[in-house]
Structure formats: structure tokens, C-alpha cells
Amino acid sequence: MRIDKFLNSVNITKRRSVAQDMLANGVVEINGVVAKPSKNVEVGSIITINYLQEPKKYKVLQIPTTKSTPKSFQDQYIEEIR
């Protein structure tokens, strides 16, 4: 699954356009490499989002099969790493 679709479907971003904007500005990394919107996400990948205060890191546990998932199921797909 593309990183822009993944960020939206697991509720890290509210809209896919927001995810694409973050990717265009180089804010998102996959396994330490700045990601483009077309980059595919795999199970076990580490996604880093460099926010203003501090970076947030997520480990991909599972790839969703639907366009969107309920926020209550978010922990089945990603795990926040501190």
C-alpha cells in the first residue's frame, strides 16, 4: 500500500491530501529514508513523522485491506515507538 494511502487509512492523518502535503515537504521517512507519496509500506517498516516539537515513530504491524479503519482498531495496524 502507498504511504499516502496508509497514513490516511490508519488515521495518522485526517485526509490523504494532508499526507501527500507532508510527503511533498519531506516530513515523512520510512526506515530512515525520506519517502515519496508512491513509496510502498511493508509490515515491519518504521515510519517517522518529523513534527515541530518532536518526531513521532510508528512501526507497521499490518497493512489494512480497506480504505479506512475505525480509530479504535488503529493499534492493530501501527504501534507508536517512543
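This one's a predicted model, so the numbers in the text were calculated from it and none came from an experiment.
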side-chain hydrogen bond (donor to acceptor under 3.5 Å, both in side chains) pairs, two or more places apart, involving residues 35-48
none
Do any pairs count as a side-chain hydrogen bond (donor to acceptor under 3.5 Å, both in side chains) and have a residue in residues 2-20, sequence neighbours left out, and if so which ones?
Arg2-Asp4, Asp4-Arg16, Asp4-Gln20
Val34: what forms a side-chain contact (heavy atoms from CB on, under 4.5 Å) with it, not counting sequence neighbours?
Glu29
Which other residues end up in the same hydrophobic cluster as Ile46, if Ile, Leu, Val, Met, Phe, Trp and Tyr are linked when side-chain heavy atoms come under 4.5 Å apart?
Ile81
By salt bridge (Lys or Arg N to Asp or Glu O under 4.0 Å), Lys56 pairs with (sequence neighbours left out) Glu80
For Phe6, the hydrophobic cluster (side chain heavy atoms closer than 4.5 Å, chained through members) also holds Met1, Ile3, Leu7, Val10, Ile12, Val18, Met22, Leu23, Val27, Val28, Ile30, Val41, Val43, Ile47, Ile49, Tyr51, Tyr58, Val60, Ile63, Phe73, Tyr77, Ile78
